[in-house]
Each structure stands twice: as C-alpha cells, then as structure tokens.
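Here's the structure, in structure tokens; my notes come after.
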Amino acid sequence: MANTLIDRRFYDAIVNFEGSEAAQDYYYSVMNAEMDRDGKKDTVRNMILRVYSMLFCDDLGALPGQIAGPDDVVATADRLHTGTMGFDRQHWYRMQHHFPVIDDDNYDRFAALVISDLNAGPLHEAALNDGDMLLVGAPDPLHMTQEQLEKQEVRVVRMKGDVQ
C-alpha cells in the first residue's frame, strides 16, 4: 500500500496536525494522492480505510476491500491498545494520541494514524525493538467489569516485518 507515502513523515504530520498548518497540508496531500491499485486509480485515503476495515473485518462484517466509514472507526477505536491491555493513557491507543472524540471530521485521520504507526511510527519501532504490539480488545471495553476485562480474548495485530 503506498508504502512510499505512509512513512514517518506522514505519521509525524498526523501527530502534529492540530498545531501545524504545514502538517495539515502534508497530511491532505498524502491522503488525496492517487495511487494505482490493481490497474485502477484510488486515493491513499481509501487504501488506508480499507486496511483499517480489514483489522476489524470479523466484527464489522466487512467484506474484502470494503472501506471503513465513520461509524466503523467510532465503533472500533476504543478496542485498540498498545503493549498490554489497560485503559490508562499509556496503553489505550486513541487517548494516548489525544483523540477524545472521533467523528465525521477526523475518523479518517485516526485510521491513518493507526496504519501509519503500524507501518512507520513508534509502534512499528516498539514492535521491532521491544516486542510491543497493537492489541484488539473486546467490542465494548468501556462497559466491562474488571473480571470481564481480565478474561477477554485479545488479538495481536502484526504487520509485515514485525518480530514474532
């Protein structure tokens, strides 16, 4: 997937999006860039949303190639944790990256953050160097008891090049 565009510079633009007009410009230039996908033109935005949808295809009932929409991202964002399960700011992915609200205006930016972090961000580096990983937890983590949290099944998200 557009690996030359989904790099550390893109990740940094997403992280600095709120405070920098240059970061916003770069983010939009990458997201709107057209790529050749199986002989058809497509945007990086659509490619990212397809990959994000793939992370949750079983839970969302997403078909291969389906693009994640705002409702899909909102429904899944709270399920992402890094390193170990937990709802503290250190491990709860969206709060760690200051996304207290995910809506129609920023759902694609959150999906891009996740995919770029897995591809070239600190999460990628932590997976290679420390064995940390992105975990997908239960569908409704905010309404689980402590016992349910401890017994929930988690899936590890591994991308090409991650350490086993």
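Note that the numbering runs from 1 along the sequence shown for the chain. Just so it is clear, the model here is predicted, and its values are computed rather than measured.
Salt bridge status for Glu34 with Lys40: absent, with no side-chain N to carboxylate O gap under 4.0 Å.
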### Query
Please walk me through it: do Leu80 and Phe56 pass side-chain contact (heavy atoms from CB on, under 4.5 Å)?
CA-CA 11 Å; Leu80 297 172; Phe56 299 99; 3.6 Å; yes

### Residue pair Tyr11, Leu118: steps toward the side-chain contact (heavy atoms from CB on, under 4.5 Å) verdict
CA-CA 10 Å; Tyr11 171 83; Leu118 284 168; over 6 Å; no

### Message
One pair to check against side chain to side chain donor-acceptor pair (under 3.5 Å): Tyr52 and Thr76. What are the steps and the verdict?
### Response
CA-CA 10 Å; Tyr52 187 90; Thr76 57; 2.8 Å; yes

### Task
Could you please spell out the steps behind the side chain to side chain donor-acceptor pair (under 3.5 Å) verdict for Asp12 and Asn16?
CA-CA 6 Å; Asp12 290 339; Asn16 297 312; 5.3 Å; no

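Looking only at side-chain heavy atoms (C-beta outward), Thr43 and Met31 stay at 4.5 Å or farther from each other. Residues Asp108 and Tyr27 are in side-chain contact: their nearest non-hydrogen atoms beyond the backbone lie under 4.5 Å apart. Counting heavy atoms from C-beta outward, Leu55 and Val114 have side chains that approach closer than 4.5 Å.
Between the side chain of Asp7 and the backbone N or O of Phe10 there is at least one donor-acceptor pair closer than 3.5 Å. A donor-acceptor pair is defined here as one N or O able to donate and one able to accept, closer than 3.5 Å; such a pair exists between the side chain of Ser116 and the backbone of Leu113. Side-chain atoms of Asn32 come within 3.5 Å of backbone atoms of Tyr28 as a donor-acceptor pair (strictly under, hydrogens ignored). Checked by atom type and distance alone, the side chain of Ser53 never pairs as donor or acceptor with a backbone atom of Arg50 at under 3.5 Å.
The minimum heavy-atom distance linking Val74 with Ile102 is given by the pair CG2-O, 3.2 Å. Closest of all the heavy-atom pairs between Ala120 and Ile6 is CB-O, 4.0 Å. Between Asp36 and Met47 the shortest heavy-atom distance is O-CE, 4.4 Å.
The line from CD of Glu21 to CG of Asp25 is 5.5 Å long, rounded to the nearest 0.5 Å. Rounding to the nearest 0.5 Å gives a distance of 6.0 Å between OH of Tyr26 and CG of Leu5.
Test Ile115, Ile67, Asp72 against Leu49 for side chain to side chain contact (heavy atoms under 4.5 Å, CB included) and you get one pass: Ile67.
Counted within 6.0 Å of CZ on Arg9, heavy atoms from surrounding residues, nucleotides or ligands total 12 or fewer; the atom is thus considered open.
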